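Take a look at the structure below.
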Amino acid sequence: GFVEHFGGLYEHSPWVSEQAYGARPFDGLDGLHGAMVRAVEVAPEGRRMDLILAHPDLAGRAAMAGELTPESKREQASAGLDALSLGEYREFHRLNDAYKEKFGFPLIFAVREHTKETILAGAERRLGHSRPEEIETALAEISKIARLRLEDLVEQE
């Protein structure tokens, strides 16, 4: 039941909740989120990369085809990524492609903390980073996304 309830906090990666379950009891939301972050930190490199690769492109093909998880769909809409002009869509597509070509994984932002303008500017800046820097940045952004999703889940209850 725990994994079913919290498994969607990390995109297509219920293993994070499975691993965090063993750290019970949790000291509130901070304790639960901390256990999940630690589960990712101690996971083998391949599993961390699978977590990064599970994320969709921002304003990408999955969004256009309606194939995002409900959480991703809401998050991308919160930053206006579901209502881009043709020029903005092309710019996101260009940046997504350049980023994936350089780093081998999708560009990840906790989009609820951004606007489409700050995401575009941040993407340009992040293209100047090294791959190890971007792996750490992606995991940090994923942690922020999971925290926001956890807060939403608790708030709904």
Side-chain angles (χ1 to χ4, degrees), residues 6-17 20 28-41 43 45 47-157:
F6 295 107
L9 299 179
Y10 284 80
E11 194 83 9
H12 300 293
S13 302
W15 65 265
V16 178
S17 294
L29 290 184
D30 289 339
L32 174 54
H33 183 249
M36 292 180 169
V37 169
R38 281 187 296 285
V40 172
E41 289 173 346
E45 181 180 345
R47 199 157 216 198
R48 288 193 310 268
M49 288 307 302
D50 287 345
L51 173 61
I52 293 170
L53 291 167
H55 284 77
D57 287 338
L58 298 175
R61 290 173 191 91
M64 298 303 284
E67 297 171 351
L68 296 177
T69 63
E71 295 86 359
S72 287
K73 184 176 181 177
R74 279 191 304 275
E75 290 158 358
Q76 290 201 25
S78 75
L81 303 187
D82 62 337
L84 298 174
S85 70
L86 182 57
E88 290 167 332
Y89 175 76
R90 286 182 178 147
E91 184 62 7
F92 268 96
H93 187 76
R94 181 189 70 79
L95 288 168
N96 282 332
D97 287 350
Y99 188 92
K100 276 202 286 197
E101 183 176 318
K102 180 171 183 179
F103 298 114
F105 51 86
L107 174 65
I108 300 171
F109 274 90
V111 296
R112 288 170 44 185
E113 297 180 339
H114 293 276
T115 64
K116 59 188 171 186
E117 294 82 13
T118 63
I119 294 168
L120 288 170
E124 287 285 0
R125 184 182 69 255
R126 286 173 55 184
L127 279 168
H129 292 171
S130 69
R131 189 169 194 275
E133 286 174 310
E134 278 306 298
I135 289 171
E136 290 307 310
T137 300
L139 292 171
E141 292 297 307
I142 290 168
S143 176
K144 290 179 196 176
I145 293 165
R147 177 59 191 227
L148 292 167
R149 288 179 178 183
L150 176 60
E151 290 171 1
D152 287 348
L153 186 60
V154 170
E155 191 175 291
Q156 290 170 7
E157 295 172 353

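Keep in mind that what you see is a predicted model, and the values were worked out from it rather than measured.
The two residues L32 and L150 make their nearest non-hydrogen contact at CD2-CD1, 3.7 Å. The two residues P106 and I52 come nearest to each other via the heavy atoms CG-O, 3.6 Å. Shown here for M36 and S17, the closest heavy-atom pair between the two residues is CE-OG, 3.5 Å. Scanning all heavy atoms of the two residues, the minimum distance from F103 to R131 falls at O-NE, 2.8 Å. Closest approach of L95 to A123, counting heavy atoms only: CD1-CB, 4.0 Å. The nearest pair of heavy atoms linking V16 to A39 is O-CB, 3.9 Å.
Between E91 and R94 a salt bridge is recorded (basic side-chain N to carboxylate O distance below 4.0 Å). Using a 4.0 Å cut-off between a side-chain N of Lys or Arg and a carboxylate O of Asp or Glu, D152 and R147 do not qualify as a salt bridge. The pair K100-D57 counts as a salt bridge, with a side-chain nitrogen and a carboxylate oxygen less than 4.0 angstrom apart. Checked for salt-bridge contact, R38 and E41 miss the test: no charged N lies under 4.0 Å from a carboxylate O.
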_Steps toward side chain to side chain donor-acceptor pair (under 3.5 Å) verdict (E75, S78)_ = CA-CA 5 Å; E75 290 158 358; S78 75; over 6 Å; no
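Taking NE2 from H93 and CG from L86, the interatomic distance works out to 11.5 Å, rounded to the nearest 0.5 Å. With rounding to the nearest 0.5 Å, the separation of CG in L148 from CD in E155 is 11.0 Å. Residue L81 holds its CG atom at 9.0 Å from OG1 of T115, rounded to the nearest 0.5 Å. One distance of note links CD of E45 with CG of D50; it measures 10.5 Å at 0.5 Å rounding. The distance from atom CZ of F109 to atom NZ of K144, rounded to the nearest 0.5 Å, is 9.0 Å. With rounding to the nearest 0.5 Å, the separation of CG in L51 from CD1 in I108 is 7.0 Å.
A donor-acceptor pair under 3.5 Å is absent between the side-chain atoms of H12 and the main chain of L53, judged by distance alone. Put simply, the side chain of N96 gets close to the backbone of L58: a donor and an acceptor are under 3.5 Å apart. Judged purely by atom type and a 3.5 angstrom limit, E133 uses its side chain to pair as donor or acceptor with the backbone of S130.
At a cut-off of 3.5 Å, with distance as the only test, no side-chain donor of H55 or E11 sits close to an acceptor on the other residue.
Applying the 6.0 Å contact sphere to NZ of K102 captures more than 12 heavy atoms from other residues, nucleotides or ligands.
K116 is not listed as a side-chain neighbour of V111, based on a closest heavy-atom distance of 4.5 Å or more. Between P132 and E136, the closest side-chain pair of non-hydrogen atoms is not below 4.5 Å. Side-chain contact between I142 and V40: absent, with no pair of heavy atoms (C-beta onward) separated by less than 4.5 Å. Residues H33 and S143 are in side-chain contact: their nearest non-hydrogen atoms beyond the backbone lie under 4.5 Å apart.
Cation-pi geometry between R149 and Y10 is not met at under 6.0 angstrom from the ring centre and within 45 degrees of the axis.
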